[in-house]
Chemist: 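Okay, here's the structure, questions in a sec.
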Amino acid sequence: MKDQIEVMISEKEVNAKICELAEQINEDYAGKELHLIIILKGSIFFACDLAKKITVPVTMDFMSVTSYGNGMVSAGKITVTKELDEDIKDRDVLVVEDIIDSGNTLFHLKKLLLARDPASLKIITLLDKPEHRTADISADYYGFQIPNRFVVGCGLDYAQQYRNLRYIGAVIQD
């Protein structure tokens with residue numbers, strides 16, 4: 001089955017926005033060390049591009065948290081499948097997410113991380129889908145607000161496909 005993908009945000013627009021976000025982070029964290037927690041798998045593309053443009057000292061760690069499985073709708077069940085390797089106590093933490101959709105996964109994850117007593121904890125997401133939000137969560141930094149469509153590219157997938165698209169595209173449903 002070959003899906004139809006409609007370009008929503010071009011590669012050029014994505015790259016420009018990542019540069020803009022990095023500039024803001026560089027200002028906000030000037031004189032500090034920033035610890036990135038990259039949410040696998042989808043956020044890895046965004047995180048790598050972002051980290052290369054951050055000029056303050058950066059460390060990073062990875063978590064895998066899932067609620068989608070292979071579907072296009074959140075299953076509502078949240079599972080941590082990869083835990084952090086490092087302690088975040090007293091560190092300035094920036095959680096890097098690819099998209100905030102319903103917000104349920106990130107709401108759960110934020111509570112979990114705050115309990116570990118970081119010096120600060122903020123969230124950055126490439127995409128924000130506020131009209132689909134069911135949890136009380138928002139990003140401190142976001143790239144693009146998008147309508148309630150299922151999107152792929154720049155790390156976002158549909159059944160593990162399309163992550164490598166250099167743009168954000170909407171899956172066309174027949």
Chemist: Is it true that atom NZ of Lys53 has more than 12 heavy atoms of other residues, nucleotides or ligands lying nearer than 6.0 Å?
Modeler: yes

Chemist: Mind checking whether Tyr142 and Leu127 sit in one hydrophobic cluster, side chains of I, L, V, M, F, W, Y counted as touching below 4.5 Å?
Modeler: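 Different hydrophobic clusters.
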
Chemist: Does a side-chain heavy-atom distance below 4.5 Å link Ile5 with Tyr158?
Modeler: no

Chemist: What do the steps show when you test Asp128 against Arg133 for salt bridge (charged side-chain N to carboxylate O under 4.0 Å, His left out), and what is the final call?
Modeler: CA-CA 9 Å; Asp128 186 20; Arg133 190 92 70 248; 2.3 Å; yes

Chemist: I'd like to know if the side chain of Asp157 reaches the main chain of Arg163, judged simply by a donor and an acceptor atom lying under 3.5 Å from each other, with no hydrogens or angles considered.
Modeler: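 Between the backbone of Arg163 and the side chain of Asp157 there is no qualifying donor-acceptor contact (under 3.5 Å).
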
Chemist: With heavy-atom distances below 4.5 Å as the criterion, would you say the side chains of Val80 and Met63 are in contact?
Modeler: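 Counting from C-beta outward, Val80 and Met63 do come under 4.5 Å.
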
Chemist: Contact between Leu84 and Leu113 at the side-chain level, heavy atoms closer than 4.5 Å - yes or no?
Modeler: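 Yes, close enough: below the 4.5 Å cut-off.
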
Chemist: For atom CG of Asn148, is the number of surrounding heavy atoms from other residues, nucleotides or ligands below 6.0 Å larger than 12?
Modeler: yes

Chemist: Please give me the minimum heavy-atom distance between Pro130 and Ile146, naming the atom from each residue.
Modeler: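 Answer, listing the atom of Pro130 first, then Ile146: CD-O, 4.1 Å.
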
Chemist: Within the supplied structure, the quantity of interest is the number of heavy atoms (other residues, nucleotides, ligands) at a distance under 6.0 Å from Arg166 CZ; does it exceed 12?
Modeler: no

Chemist: Is the side chain of Ser64 donor-acceptor paired with the backbone N or O of Thr81 at a distance under 3.5 Å, no angle test?
Modeler: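 Between the backbone of Thr81 and the side chain of Ser64 there is no qualifying donor-acceptor contact (under 3.5 Å).
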
Chemist: Might you point out which heavy atoms bring Gly155 and Phe45 nearest each other, and give the distance in Å?
Modeler: CA-CD1, 3.3 Å

Chemist: Which heavy atom of Leu121 sits nearest to which heavy atom of Asp140, and what is that distance?
Modeler: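 For Leu121 and Asp140, the tightest heavy-atom pair comes out as O-OD2, 4.4 Å.
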
Chemist: Once the angle between the rings of Tyr141 and Tyr29 is folded into 0 to 90°, is it parallel (under 30°), tilted (30 to 60°) or perpendicular (over 60°)?
Modeler: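 Answer is tilted, since the angle falls between 30° and 60°.
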
Chemist: Of Val152, Leu156, Val151, which is the lone residue that meets side chain to side chain contact (heavy atoms under 4.5 Å, CB included) with Tyr162?
Modeler: Val152

Chemist: Starting from the C-alpha separation in whole Å, work towards a yes-or-no answer on side-chain hydrogen bond (donor to acceptor under 3.5 Å, both in side chains) for His35 and Thr59.
Modeler: CA-CA 5 Å; His35 187 67; Thr59 58; 2.6 Å; yes

Chemist: Do the side chains of Ile25 and Leu50 get nearer than 4.5 Å, heavy atoms only?
Modeler: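 When only atoms from C-beta onward are counted, Ile25 and Leu50 do touch, with a gap below 4.5 Å.
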
